[in-house]
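Here's the structure, in structure tokens; my notes come after.
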Amino acid sequence: MLLSGINTDLATMVSVVAGCSNTGMLLLGRTLHGYAIKASFGRELTLNNSLLDMYSKSGDLNSAIQVFETMGERSVVSWTSMIAGYAREGLSDMSVRLFHEMEKEGISPDIFTITTILHACACTGLLENGKDVHNYIKENKMQSDLFVSNALMDMYAKCGSMGDAHLVFSEMQVKDIVSWNTMIGGYSKNSLPNEALNLFVEMQYNSKPNSITMACILPACASLAALERGQEIHGHILRNGFSLDRHVANALVDMYLKCGALGLARLLFDMIPAKDLVSWTVMVAGYGMHGYGSEAIAAFNEMRNSGIEPDEVSFISILYACSHSGLLDEGWGFFNMMRNNCGIEPKLEHYACIVDLLARTGNLSKAYRFIKRMPIEPDATIWGALLCGCRIYHDVKLAEKVAEHVFELEPENTGYYVLLANIYAEAEKWEEVKKLRERIGRRGLRKNPGCSWIEIKGKVHIFVAGDSSHPLANKIELLLKKTRTRMKEEGHFPKMRYALIKADDTEKEMALCGHSEKIAMAFGILSLPPGKTVRVTKNLRVCGDCHEMAKFMSKMVKRDIILRDTNRFHHFKDGSCSCRGHW
DNA sequence: GTAGGGTTAG
């Protein structure tokens, strides 16, 4: 246009600057800024607004602020763009400050401003500020706007307040696909997978799911290890041509990995044409969970060779992979690579991996010193990782010292009291177990009950410890008794230490037999066709005695058993387990 | 003919 000698006017300049902001062409944008000033558009409101947006969307917040500060006239559009600019850089507090400032200047926020400020609150979990905005919305009758209600639900979801999100959702007269996706994704992210799945079913009577819906619902299947539900959704993805979406492809691989289907996951991973950082991180974490440490390392190196730089999340994956396979030197190597070669400052999660790695490999005092020398304040998970190590190596004395740190940091978390109680029980210090029980009792805490579940023909069967309500309860008990007898015949005696009670051996054995994972495994063996892999998931860590029995059962009934606990997978096959003792 | 907003994977 310029070469043809046609003059630009304000509309031309605004359009082309907007073009730059939507493609992040900062350099061309700057040039246009200069050109516009020379062409004497420098005081035009619409031009300054588009420049402000261009700078903030291209990541040059300082220039955006410069435009905002120097422009003569400011409209609601200018304020909204500036608020969005701060939010984009993670400076939500500044967004909120600006929001109040604009009201003071007598400029009323409109629905664009409201969605922007809600997004800012969502990004950093500013629930209280978000609630203030909600009140403003009610006072100004803005809730009928879809964008506003959707942003409001997302704010509540990201602040972890799904009850409030659902309230907004249920009061919406009109819902669109974004409304459904926001709720489903919110439930998935807030560890409410059943709610996510139920809403997904309900959605299909109202709205047609899209690829984003798939990316929202798959993590729910993953967290439940609901393989069959996940496969149904995979079918949905194939029928609707969503497979090419990389978010969906990555979520699928992750789902199969967390459902224990490593081979299928690898197959799908190989089919992703352009693997990104998330694809690789998922695969590395998956190998780690399944105990394939060297495969995880190979994948991590392959990723780097393909030119993808690891970030802090992918380092968590590789460090955990090392820890699950007991690869101490390799783990240290990655920890140092992260700091020295990649310039990533380790966070609590990374320190937790190293403590875990040291503790699991028996370097308890080294782990203790490592924690003491950490440049950031350790949290309960850090000390908890060492406490786990104390259990593996039966170090009661250190355990007591470590436990006090843990109890101070997370006095409400019963898991840690139980862990220490286990350490005492395994050392047969029953007096101490009793004292600990009293301590829990005084606080009015209750142990998180163990439960295990198994999916059969799409239905999830849940078992809690001591469960005898199931129709097959008698058969289950019979199978467990038979297994125990055969185990004893071959010299495997029950690991009474895991019974956690002071009782005689028969009682202990009964308590152990009631563990939910045993019941679920037995139920799977009885219910699934011969040869089919039994897949059980448990909400806590697997018990040592159950682990022994699972190994034996896999040989006795000639069947693969895959048990997922909170920490990792155990593949039992022909009498041994893939974890090789690292758990 | 021109400026600002909501949902997705580790």
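Just so it is clear: chains get the letters A, B, ... in the order the sequence lines come, proteins before strands, and each one is counted from 1. Both backbone and side-chain heavy atoms feed into the values below; hydrogens, waters and symmetry mates do not.
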Using a cut-off of strictly less than 4.0 Å, decide whether [X] has a side-chain nitrogen or oxygen near OP1 or OP2 of [N].
X: K189(A); N: dT7(B); value: no
X: K175(A); N: dT7(B); value: no
X: K158(A); N: dT8(B); value: yes
X: R88(A); N: dG5(B); value: yes

Name the closest nucleotide to the [X] side chain, picking from [options].
X: D154(A); options: dT8(B), dA9(B), dG5(B); answer: dT8(B)
X: D53(A); options: dG4(B), dT2(B), dT7(B); answer: dG4(B)
X: V313(A); options: dA9(B), dG10(B), dG4(B); answer: dG10(B)
X: A11(A); options: dT2(B), dG5(B), dG10(B); answer: dT2(B)
X: N181(A); options: dG10(B), dG5(B), dT7(B); answer: dT7(B)
X: P219(A); options: dG1(B), dA9(B), dA3(B); answer: dA9(B)
X: H247(A); options: dA9(B), dG5(B), dT7(B); answer: dA9(B)
X: V77(A); options: dT7(B), dG4(B), dG5(B); answer: dG4(B)
X: T46(A); options: dG10(B), dA9(B), dA3(B); answer: dA3(B)
X: F147(A); options: dA3(B), dG5(B), dG4(B); answer: dG5(B)

Original post:
Which residues in residues 205-216 of chain A have at least one heavy atom lying under 4.0 Å from any atom of DNA chain B?
Top reply: I212(A), A215(A), C216(A)

Under 3.5 Å, is there any donor-acceptor pair linking the side chain of [X] to the base of [N]?
X: T80(A); N: dG4(B); value: yes
X: D110(A); N: dG5(B); value: no
X: T281(A); N: dG10(B); value: yes
X: D276(A); N: dG10(B); value: no

Subject >> ring-ring contact (aromatic ring centres under 6.0 Å, His included), paired with F300(A), selected from F315(A), Y287(A), Y320(A) >> reply: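 Exactly one option meets the ring-ring contact (aromatic ring centres under 6.0 Å, His included) with F300(A), and it is F315(A).
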
Original post:
Taking the six-membered ring for Trp, are F335(A) and W332(A) parallel (under 30°), tilted (30 to 60°) or perpendicular (over 60°)?
Top reply: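 Perpendicular.
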
Can you check the [X] [atom1] to [N] [atom2] distance for me, whole Å?
X: D311(A); N: dG10(B); atom1: CG; atom2: C1'; answer: 8 Å
X: I233(A); N: dT8(B); atom1: CD1; atom2: C1'; answer: 14 Å
X: Y256(A); N: dA9(B); atom1: OH; atom2: P; answer: 19 Å

Answer with yes or no after comparing the ring centroid distance for [X] and [Y] against a 6.0 Å cut-off, counting only values under it.
X: W180(A); Y: F200(A); answer: no
X: W280(A); Y: F269(A); answer: yes
X: H234(A); Y: Y256(A); answer: yes

Anything under 3.5 Å between a donor and an acceptor, one on a side chain of residues 102-109 of chain A, the other on a protein residue two or more places apart or in another chain? List them.
none

How is [X] classified with respect to the nucleic acid when contacts are heavy atoms under 4.0 Å: base, sugar-phosphate, or nothing?
X: S317(A); result: nothing
X: L277(A); result: base
X: S279(A); result: nothing

For residues 25-35 of chain A, dump all side-chain donor-acceptor pairs below 3.5 Å to protein atoms at least two apart in sequence or in another chain.
{"from": "R30(A)", "atom 1": "NH2", "to": "D60(A)", "atom 2": "OD2", "distance (Å)": "2.8"}
{"from": "T31(A)", "atom 1": "OG1", "to": "L27(A)", "atom 2": "O", "distance (Å)": "2.9"}
{"from": "H33(A)", "atom 1": "ND1", "to": "Y55(A)", "atom 2": "OH", "distance (Å)": "2.8"}

**OP:** Please check if atom CZ in R339(A) has more than 12 non-hydrogen atoms from other residues, nucleotides or ligands closer than 6.0 Å.
**Re:**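 It does: R339(A) CZ has more than 12 such atoms within range.
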
